[in-house]
Amino acid sequence: MNLAYYHLLGHIFVAVHACHSQAEARDTLAKVGFGKELVERGRKLVEEGEALIARRLDEEGEDRTIEHGLHVAVTELEMWQRSVEYLVKRKLDNTQLVELTFGYDLHAEEHTLTAVARALRTLSMLRTRPDVQETFSSPRAMHDQLVTGWTLLNKVFRYTKLRLAPGVGSNKNGAVFEALARHEAAMTAWLQDLQTATGKMSDKPKMLGFIGFLPAGVGLPLGGAAHDVVLHEQARRAAPNPADARPTSGWSAGRQGRNRENLGKGFIEPTFH
């Protein structure tokens with residue numbers, strides 16, 4: 001399990017919050033071997049994780065360029081979520097389900113973690129709730145929203161990796177970085193236990209969507225290929241290197257240019273003029 005620090009922390013936060021807020025989630029996990037001791041351990045991991053992030057930024061300082069990029073990436077992610085929420089609320093007359101789908105109940109100490117947790121909840125609910133999926137105009141539209149959200153979330157993860165990594169003047173073997181590495185290993189072990197438990201719940205996709213952690217084969221996929229990949233998915237992830245003048249897919253004007261990643265039904269055949 002090779003996930004970014006905020007990715008691990010976000011999954012734990014969503015799962016623990018689900019257990020604390022709904023007895024059904026807590027009892028269902030307990031029946032498959034994920035008891036209250038593990039839930040309590042997860043709560044402590046979230047507290048420790050947020051404290052370590054604050055310690056890293058306090059002891060080593062902030063890189064303003066990275067912080068600005070992270071702020072923009074989080075804003076893009078939240079804009080995507082609000083756009084999807086608008087589409088769903090037009091046709092879904094169920095306030096409670098809307099609030100759960102878009103993580104109204106998720107409030108971490110840090111805004112970035114809140115945004116990550118809400119995005120993870122939204123993606124998992126979209127993947128597992130037919131009543132939510134039916135609010136979209138077509139399966140293609142539903143899939144494109146999943147790919148877009150997942151792409152933007154990964155952009156946030158890339159910036160959070162830079163945020164927590166040693167800076168130019170940092171001691172790479174410093175105590176805070178060793179503490180972050182130990183905590184990351186502890187979170188990975190906890191999530192592996194959750195993965196084992198949720199693997200026994202494949203017949204309960206709606207509950208898995210609320211917990212925010214789906215075993216393989218459950219729900220709609222997050223990835224995409226061929227014409228199902230939204231235009232310039234690669235471009236959403238990171239800006240191109242200005243020193244690299246080679247032609248690339250993405251970052252072109254409109255749907256023309258050398259973008260060969262989006263050929264297929266509904267897309268314009270590229271030209272090279």
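These numbers come from a predicted model, not from an experiment.
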Using a strict 4.0 Å threshold on nitrogen-to-oxygen distance, state whether [X] and [Y] make a salt bridge.
X: K44; Y: E47; result: no
X: E48; Y: R41; result: yes
X: E59; Y: R55; result: yes
X: D27; Y: K31; result: no
X: E40; Y: R43; result: yes

Please check if any side-chain donor atom of [X] sits under 3.5 Å from a side-chain acceptor atom of [Y], or the reverse.
X: H71; Y: Y159; value: no
X: R118; Y: Y104; value: no
X: Y86; Y: Q81; value: no

[X] [atom1] to [Y] [atom2] distance, which is reported to the nearest 0.5 Å:
X: E62; Y: R163; atom1: CD; atom2: CZ; value: 6.5 Å
X: L214; Y: Q195; atom1: CG; atom2: CD; value: 11.5 Å
X: I53; Y: Y5; atom1: CD1; atom2: OH; value: 5.5 Å

### Message
Testing the basics here: between T128 and Q133, what is the closest heavy-atom pair and its distance to 0.1 Å?
### Response
N-NE2, 3.8 Å

### Query
With a 4.5 Å heavy-atom cut-off, do V147 and L222 have their side chains touching?
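Answer no - side chains too far apart.
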
